[in-house]
Student: 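Got a structure for you, written out below as structure tokens; questions coming shortly.
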Amino acid sequence: MTHLTWGLQGKTVIVTGGAGAIGRAVCEGFAEAGARVAVVDLSQEACDRTAADLGEGHAGFAANLREVSRLPDLVARIESTLGLPTVLVNVAGIILRNPDLLAVTEAEWDAQHDVNLKALFFLCQAFAARLVATGTPGSIVNYSSQGWMSGGFGGSVVYNATKGAVTTMTRGMARSWAARGIRVNGVAPGLVETPMLVNADTTPEQVAALEASIPLGRLGQPADHVGATVFLASDMAAYMTGAMVNVSGGFLMY
Ligand SMILES: NC(=O)c1ccc[n+]([C@@H]2O[C@H](COP(=O)([O-])OP(=O)(O)OC[C@H]3O[C@@H](n4cnc5c(N)ncnc54)[C@H](O)[C@@H]3O)[C@@H](O)[C@H]2O)c1
């Protein structure tokens, strides 16, 4: 018996936020495993560039995921170009930091919930609907954050609420769709060196303080998330569903 088989060769994999920092690395991982990658992000140019960099057989699909009524059409466009998608990886997310809870606006609340939670739910729905209609098994990987568990840092309270909901919903979807052969798991990054966390305003002292809080002694890199994501989507995780995998260098341990 062969144990170590990804089972991803020739499969169509959707990666949202695929032109972003972590999303792009995740796309590369699926391409390496032999999948056809549908790169979904806001800009067609960025999607096309990422898909072209992956090599032959991949394609870019621009979409504003907040427009949830258009998500079934997005899945249909991907299916007609690359074949029925059987893996969905929801990486797209936004954070709008506001350290003063008394000043959080409805627009900030809505934008983060729309992208991180509402769009994720309705894309899972559109994706799963095609699997159910065709009797095809599949898998979903949802991106949460260490903040679902820690509550996060000042300024990210609303963002972390969305990520808590993503974790809860991952478990609910896993239960709901298990009998359909659809596994649903998640990845919770810790502190990752991307513009979402470290930007021109971040001082070396702040970076050093973040690193000191991580037992493995460094910030996460986009590439650190590829193994867990591809694994969860693959046949090697065939008996895993409802898991939220902690990829934080030991920042949190659960
Ligand atoms: N960077 C971190 O420290 C960190 C920590 C924990 C969790 N995460 C999570 O990891 C995921 C990826 O983060 P990242 O650091 O790569 O961020 P990123 O900003 O580099 O990538 C996010 C991508 O999502 C896309 N996106 C945003 N809104 C969209 C919309 N409405 N429609 C389509 N695409 C949209 C963006 O264009 C971007 O390319 C996110 O879900 C984030 O919440 C990141």
Side-chain angles (χ1 to χ4, degrees), residues 14-29 38-51 60-71 74 78 88-97 107-108 110-123 126 140-153 155-167 169-170 186-199 202 206-207 210-211 213-214 218-226 228-229 244-249 251-252:
I14 303 175
V15 181
T16 73
I22 296 174
R24 190 185 164 91
V26 164
C27 287
E28 290 168 358
V39 183
V40 174
D41 212 302
L42 284 168
S43 141
Q44 186 67 53
E45 199 222 323
C47 291
D48 288 346
R49 199 174 338 113
T50 304
F61 300 85
N64 182 347
L65 298 169
R66 289 183 77 173
E67 296 169 3
V68 295
S69 65
R70 301 180 69 171
L71 296 178
L74 172 66
I78 291 169
L88 167 63
V89 185
N90 286 300
V91 183
I94 59 168
I95 186 166
L96 302 174
R97 291 183 195 281
E108 288 168 355
D110 286 347
Q112 292 174 96
H113 279 77
D114 279 3
V115 178
N116 299 356
L117 187 59
K118 184 178 177 186
L120 182 146
F121 174 80
F122 283 103
L123 186 56
I140 296 173
V141 181
N142 291 327
Y143 263 66
S144 180
S145 162
Q146 53 76 24
W148 86 267
M149 189 82 171
S150 72
F153 305 100
S156 56
V157 172
V158 174
Y159 168 84
N160 288 312
T162 70
K163 294 300 187 176
V166 166
T167 303
M169 208 163 62
T170 296
V187 169
L191 308 179
V192 191
E193 193 170 2
T194 77
M196 195 175 261
L197 182 73
V198 180
N199 55 41
T202 317
Q206 287 171 323
V207 172
L210 291 173
E211 285 172 343
S213 69
I214 302 170
R218 64 173 177 83
L219 294 173
Q221 297 298 320
D224 289 320
H225 303 84
V226 177
T229 309
M244 182 55 66
V245 175
N246 163 19
V247 183
S248 68
F251 175 69
L252 295 181

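Side chains are part of it too, since the values below use all heavy atoms of this structure and drop only hydrogens, waters and symmetry mates. Order of appearance sets the numbers: ligands from 1, and atoms from 1 within every ligand.
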Student: Quick one: look up the protein heavy atom nearest atom 22 (C) of ligand 1 and list residue, atom name and how far away it is.
Tutor: G93 O, 3.8 Å
Student: Looking only at non-hydrogen atoms, find the nearest pair between P222 and A21 and report the distance.
Tutor: CB-O, 3.4 Å
Student: Could you tell me which residues satisfy salt bridge (charged side-chain N to carboxylate O under 4.0 Å, His left out) with E108, sequence neighbours excluded, listed by chain and number?
Tutor: none
Student: If the cut-off is 4.0 Å to any non-hydrogen atom of V115, which atoms of ligand 1 fall inside it?
Tutor: 28 (N), 31 (N)
Student: Do S150 and Q146 have side-chain atoms, one donor and one acceptor, less than 3.5 Å apart?
Tutor: yes
Student: For atom 31 (N) of ligand 1, what's the nearest protein heavy atom and its distance?
Tutor: N64 OD1, 2.9 Å
Student: Work out whether the distance between some heavy atom of G190 and some atom of ligand 1 is less than 4.0 Å.
Tutor: yes
Student: Which distance, rounded to the nearest 0.5 Å, do you find between the CG of L65 and the OG1 of T16?
Tutor: 5.5 Å
Student: Quick check: closest heavy atoms across M244 and G186, and the distance to 0.1 Å?
Tutor: SD-C, 3.5 Å
Student: Within a distance under 4.0 Å of any heavy atom of L197, pick out the atoms of ligand 1 and give their elements.
Tutor: 3 (O)
Student: If you measure from atom 37 (O) of ligand 1 to every heavy atom of L42, D41, V166, L65, which option wins on shortest distance?
Tutor: D41
Student: Inspect the surroundings of CZ in R70 and state if more than 12 heavy atoms from other residues, nucleotides or ligands are less than 6.0 Å away.
Tutor: no
Student: Closest non-hydrogen protein atom to atom 1 (N) of ligand 1, residue and atom name please, with distance?
Tutor: T194 OG1, 2.8 Å
Student: Using every non-hydrogen atom in the two residues, find where V15 and G23 come nearest and quote the distance to one decimal.
Tutor: CG1-O, 3.9 Å
Student: For atom 8 (N) of ligand 1, which protein heavy atom lies nearest, and how many Å away is it?
Tutor: Y159 OH, 3.5 Å
Student: Just to be sure I read this right, does ligand 1 sit under 4.0 Å from the backbone of A188, its side chain, both, or neither, counting only heavy atoms?
Tutor: neither
Student: Below 4.0 angstrom from a heavy atom of V91, which ligand 1 atoms are there? Numbered from 1 as shown, please.
Tutor: 11 (C), 12 (C), 40 (C), 41 (O)
Student: Output the list of atoms in ligand 1 that are nearer than 4.0 Å to some heavy atom of G20, sorted by atom number.
Tutor: 20 (O), 21 (O), 39 (O)
Student: Measure from atom 19 (O) of ligand 1 to every heavy atom in H225, M196, Q146 and give the option owning the shortest one.
Tutor: M196
Student: Would you mind running through ligand 1 and noting each atom that sits below 4.0 Å from a heavy atom of S144?
Tutor: 7 (C), 9 (C)
Student: Locate the shortest heavy-atom distance separating M196 from I94; write the atom from each residue and the value.
Tutor: CE-CA, 4.1 Å
Student: Could you tell me the residue and atom name of the protein heavy atom closest to atom 33 (C) of ligand 1, and the distance to it rounded to 0.1 Å?
Tutor: A63 O, 3.2 Å
Student: As an exercise, identify every atom of ligand 1 less than 4.0 angstrom from a heavy atom of A92.
Tutor: 24 (O), 41 (O)
Student: How close do N90 and L123 get, heavy atom to heavy atom, and via which atoms?
Tutor: OD1-CD2, 3.6 Å
Student: Compute the minimum heavy-atom distance from E193 to ligand 1 and say whether it is under 4.0 Å.
Tutor: no
Student: Considering only non-hydrogen protein atoms, determine which one is nearest to atom 2 (C) of ligand 1 and report residue, atom name and distance to 0.1 Å.
Tutor: V192 CB, 3.5 Å
Student: In terms of heavy-atom contacts, does CD of E45 have more than 12 from other residues, nucleotides or ligands at under 6.0 Å?
Tutor: no
Student: Quick check for you: to the nearest 0.5 Å, what is the distance between S213 atom OG and L219 atom CG?
Tutor: 8.0 Å
Student: Residue-level breakdown please: for I22 versus ligand 1, do any non-hydrogen atoms fall below 4.0 Å on the side chain, on the backbone, on both, or on neither?
Tutor: both
Student: Using a heavy-atom cut-off of under 4.0 Å, does the side chain or the backbone of S43 touch ligand 1, or both, or neither?
Tutor: neither
Student: Is there a donor in the side chain of T229 and an acceptor in the side chain of Y143, or the other way round, less than 3.5 Å apart?
Tutor: yes
Student: Atom 27 (C) of ligand 1: which protein heavy atom is closest, and how many Å away?
Tutor: I94 CG2, 3.6 Å
Student: Keeping the roles fixed (side chain from N116, backbone from T162), state whether a donor-acceptor pair exists under 3.5 Å.
Tutor: no
Student: For atom 18 (P) of ligand 1, what is the nearest protein heavy atom, given as residue, atom name and distance?
Tutor: A21 N, 4.1 Å
Student: What are the atoms of ligand 1, with element, lying closer than 4.0 Å to any heavy atom of S145?
Tutor: 6 (C), 7 (C)
